[in-house]
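I have placed the structure first, in the form of structure tokens, so that the comments after it can refer back to it.
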Amino acid sequence: ARFFLNRRDVGDTRRALQLFEEVLRLEPDFARAWSGIASVHWLDAVERRTPLQSGLASTRAAAERALALDPGIAEAHLRLANYYVRNGDVERSREHRRLAAAVESDDPLLLTVQAGEMADRGQFDAAVALHQHGGLLTGVNPDTIRVTGDAATERLVLTTGGIRAIADVLATMRDAQLRAEDGHDL
């Protein structure tokens with residue numbers, strides 16, 4: 001389920017949801033499966049695969065279920081933070097972000113969020129260092145980037161002068177992938 005959630009190719013969140021639900025049929029109180037479901041609903045809502053309001057409601061319900069079972073899951077706190085900020089409750093969002101950092105300071109999703117914020121502030125070296133600390137910058141394969149850091153990592157890689165070579169390789173790989181998807185021979 002995590003593989004499909006993190007990869008996020010066409011149909012992957014649907015497959016991830018199916019697998020998380022299968023886990024819950026076997027172990028209904030597995031908090032990390034509920035947290036994964038919260039992430040699926042969040043991604044489907046913000047990437048417009050489901051209606052925003054129902055996706056947000058499903059995100060909140062799954063994240064709250066995860067935290068009721070295990071309050072020490074950063075991912076669930078971060079998904080509630082997403083939910084609250086999207087609904088205008090910045091203070092509750094900040095509280096869940098703080099709790100995420102307190103319970104799992106090395107969580108990959110948390111590190112990605114923090115590094116993305118650093119990159120947005122122009123603190124590229126600090127963002128790269130944080131990604132490297134979390135093992136999130138592991139290569140130049142676009143699939144690896146999707147799995148480890150998603151859009152925040154890609155943005156970081158493409159905007160950081162210190163690793164321009166990686167950005168050049170990514171651009172070349174992306175161009176080749178687009179040509180292949182358009183049916184052009186490589």
Side-chain angles (χ1 to χ4, degrees), residues 1-8 12-47 49-121 123 126-127 129-138 146-153 155-156:
R2 284 275 163 213
F3 170 80
F4 290 109
L5 175 62
N6 292 333
R7 187 176 73 173
R8 293 203 337 243
D12 280 352
T13 56
R14 186 174 353 108
R15 182 69 177 132
L17 182 59
Q18 291 168 343
L19 292 170
F20 282 127
E21 289 173 342
E22 188 175 318
V23 167
L24 290 174
R25 279 191 290 280
L26 299 171
E27 190 175 338
D29 291 337
F30 187 57
R32 290 204 183 269
W34 285 106
S35 182
I37 288 173
S39 285
V40 167
H41 289 306
W42 169 255
L43 293 169
D44 282 349
V46 298
E47 293 175 2
R49 285 185 293 273
T50 61
L52 182 62
Q53 291 308 312
S54 64
L56 291 176
S58 296
T59 298
R60 180 182 183 181
E64 287 177 342
R65 176 76 172 133
L67 292 174
L69 295 166
D70 181 353
I73 299 176
E75 177 184 31
H77 284 291
L78 291 169
R79 293 311 177 205
L80 277 178
N82 293 141
Y83 168 83
Y84 286 120
V85 78
R86 195 64 170 228
N87 283 287
D89 193 340
V90 175
E91 288 307 311
R92 285 181 90 175
S93 176
R94 283 188 189 133
E95 177 62 12
H96 279 284
R97 297 267 309 273
R98 185 193 68 72
L99 288 168
V103 298
E104 287 186 297
S105 62
D106 283 344
D107 177 77
L109 178 60
L110 175 65
L111 295 175
T112 298
V113 168
Q114 291 171 334
E117 290 170 347
M118 289 175 180
D120 288 344
R121 292 190 303 265
Q123 300 170 328
L130 185 58
H131 266 72
Q132 288 170 334
H133 165 73
L136 301 174
L137 287 179
T138 59
R146 265 188 248 127
V147 168
T148 58
D150 197 48
T153 300
R155 181 178 69 236
L156 178 64

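Not measured: the values here are computed from a predicted model.
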Once you round to the nearest 0.5 Å, how far does [atom1] of [X] lie from [atom2] of [Y]?
| X | Y | atom1 | atom2 | result |
| --- | --- | --- | --- | --- |
| L5 | I37 | CG | CD1 | 10.5 Å |
| E64 | R79 | CD | CZ | 15.0 Å |
| F4 | L17 | CZ | CG | 13.0 Å |
| F20 | H41 | CZ | NE2 | 10.5 Å |
| L67 | H96 | CG | NE2 | 7.0 Å |
| T13 | L43 | OG1 | CG | 7.0 Å |

A side-chain contact here means heavy atoms from C-beta on lying under 4.5 Å apart; do [X] and [Y] qualify?
| X | Y | answer |
| --- | --- | --- |
| E22 | Q18 | no |
| E91 | D89 | yes |
| N87 | R60 | no |
| R86 | L52 | yes |

Does [X] reach the main-chain N or O of [Y] with its side chain, forming a donor-acceptor pair under 3.5 Å?
| X | Y | result |
| --- | --- | --- |
| T59 | G55 | yes |
| S93 | Y84 | no |
| H77 | P71 | yes |

Does a side-chain N-to-carboxylate-O contact under 4.0 Å join E95 and R92?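 Judged by the 4.0 Å cut-off on N to carboxylate O distance, E95 and R92 do not form a salt bridge.
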NZ/NE/NH1/NH2 to OD/OE distance under 4.0 Å, R8 and D44: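 Judged by the 4.0 Å cut-off on N to carboxylate O distance, R8 and D44 do not form a salt bridge.
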Which residue pairs satisfy the salt bridge (charged side-chain N to carboxylate O under 4.0 Å, His left out) criterion with at least one member in residues 67-78, sequence neighbours excluded?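 Checked against salt bridge (charged side-chain N to carboxylate O under 4.0 Å, His left out) - neighbours excluded - the pairs reaching residues 67-78 are R2-E75.
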Criterion side-chain contact (heavy atoms from CB on, under 4.5 Å) on D107 and L78, from CA distance to verdict: CA-CA 10 Å; D107 177 77; L78 291 169; 4.2 Å; yes
Specify the closest pair of heavy atoms between [X] and [Y], including all atoms of both residues, with the distance to one decimal.
| X | Y | result |
| --- | --- | --- |
| R32 | G72 | NH2-O, 4.2 Å |
| W42 | Y83 | CZ3-N, 4.2 Å |
| A74 | V103 | N-CG2, 3.9 Å |
| A66 | S35 | CB-N, 3.6 Å |
| S105 | L111 | O-CD2, 3.6 Å |
| A38 | A63 | CB-N, 3.6 Å |

Is R14 atom CZ crowded by more than 12 heavy atoms from other residues, nucleotides or ligands, each under 6.0 Å away?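 Counting other residues, nucleotides and ligands, CZ of R14 stays at 12 neighbours or fewer.
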